[in-house]
Amino acid sequence: MSFHSGMLRDRVALVTGGSRGIGFGIANTLAELGACVAITGRDADTLSRAASDIASRDRKAMPIVADVRDFEAVVASVDAVVSAYGHLDIVIANAAGNFIVPSAEMSPNAWKSVVEIDLNGTFFYARAAYQHLKRSEYGGRFIAISTAKAREGWPGCAHAGAAKAGVYSLIRTLAAEWGSDDILCNTVSPGPVGDTDGAVRLYGDARRAEQEMGSIPLGRFATIADVANCVAFLCSDMASYVTGADLLVDGGRSCGRAMHR
Ligand code: HXC
């Protein structure tokens, strides 16, 4: 099951946190659909292996080392993409940090680290990419990967929940401010994604995973491809009237408990 292969031909996309997990899946899917992709992250070796993997299938991919918390590095990464490919049409703010710690035990620095990655990092990329997205001949796209938990409390992950709620608001503000620049801004909010480090950490023990799965009407965790396909749709011309939306990819989890499980 896939979109047609030229759907994103000649578009240039930057995916933060693109060397592993959901970010890598998104970068790979966008490249498969014809986009030239740049992936950012903190580890040069992991990034370069991921970019070679994508490029080995006759697609264009470049690795860029940049920590989303460092605005100068963010600007430099955007500039590097534009000098390599000539333009920038799509930014996927995917990089995220998270770990479980009760609020009463969370150090101020733990809070700060996650908020800086998830919320500041998203704003920094939006700010750095704006002028380029505005010039996109396809209409710019800025998509942030959030979580269904941004709409509710998230016991054990107060930092990530609050940061993602901030992202939710930020993206809606950008959609309103940048609509006249033809830049579409949306969030994609997955529930638990089975094949990621994050899910292993959060739902690693079998009893928790089973409990969580029981709350999902579709009866399974999402796959990375489930998420990447939704992102691809929002990057495509098929979504040209969608801005300020949050696309929930949670198997119906937020609708309440599954009745038949
Ligand atoms: C308590 C912790 C901790 C833990 C780190 N800290 N891990 N506190 N429990 N498990 C604290 C540290 O003690 C320190 O505070 C502060 O957080 C910063 O930690 P550092 O290791 O110095 O930070 P840094 O090297 O910048 O690493 C960032 C990180 C790290 C977020 C803390 O975990 C990371 O980079 N993770 C990789 C990315 C990631 O987590 N991806 C998963 C995303 S999943 P002190 O006070 O000691 O200085 C996701 C959604 C999941 O976002 C959705 C599932 C449904």
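Each residue takes its place number in the sequence, starting with 1. Nothing here was measured: the structure is a model prediction, and the numbers come from that model. Indexing begins at 1, ligand by ligand and atom by atom, following the structure's order.
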Between I224 and G25, the two heavy atoms sitting closest are CG2-CA, 3.6 Å
Closest heavy-atom pair, I145 versus V231, reported as atoms and distance to 0.1 Å, is CD1-CG2, 3.8 Å
Side-chain donor-acceptor contact under 3.5 Å, [X] with [Y]:
X    : Y    : value
N186 : R141 : no
S240 : D237 : no
N94  : T16  : no

Can you confirm whether E210 is buried at CD, in the sense that more than 12 heavy atoms of other residues, nucleotides or ligands lie under 6.0 Å from that atom?
no
Near R135 CZ, under 6.0 Å, is it more than 12 heavy atoms from other residues, nucleotides or ligands? yes
Candidates I145, T196, N98, D67; heavy atom nearest atom 49 (C) of ligand 1 found on N98
Output yes when a protein non-hydrogen atom is found under 4.0 Å of [atom], and no otherwise.
atom                    : answer
atom 6 (N) of ligand 1  : yes
atom 26 (O) of ligand 1 : yes
atom 13 (O) of ligand 1 : no

Taking [atom] as the reference point, the nearest protein heavy atom with its distance:
atom                    : answer
atom 54 (C) of ligand 1 : L202 CD1, 3.2 Å
atom 28 (C) of ligand 1 : I117 CD1, 3.9 Å
atom 16 (C) of ligand 1 : A110 CA, 3.6 Å
atom 33 (O) of ligand 1 : F99 CD2, 3.9 Å
atom 42 (C) of ligand 1 : R201 NH2, 3.6 Å
atom 19 (O) of ligand 1 : S113 OG, 4.3 Å

May I ask you to check if ligand 1 and [X] share an N or O to N or O distance below 3.5 Å?
X    : answer
N109 : yes
R42  : yes
S107 : yes
W154 : no
A96  : yes
R69  : yes

Parallel under 30°, tilted from 30 to 60°, perpendicular over 60°: which one fits the rings of H87 and Y138?
-> tilted
*Can you label the angle between the F71 ring and the F124 ring as parallel, tilted or perpendicular, going by 30° and 60°?*
perpendicular
Assess D197 for proximity to ligand 1: is some non-hydrogen atom of it under 4.0 Å away? no
Could you establish whether E105 and ligand 1 come within less than 4.0 Å of each other, counting only heavy atoms on the residue side? no
- Message: A side-chain contact here means heavy atoms from C-beta on lying under 4.5 Å apart; do K149 and R253 qualify?
- Response: yes
Report yes or no: is the cationic atom of R127 (NZ for Lys, CZ for Arg) under 6.0 Å from the centre of the six-membered ring of Y125, at an angle within 45° of the ring normal? no
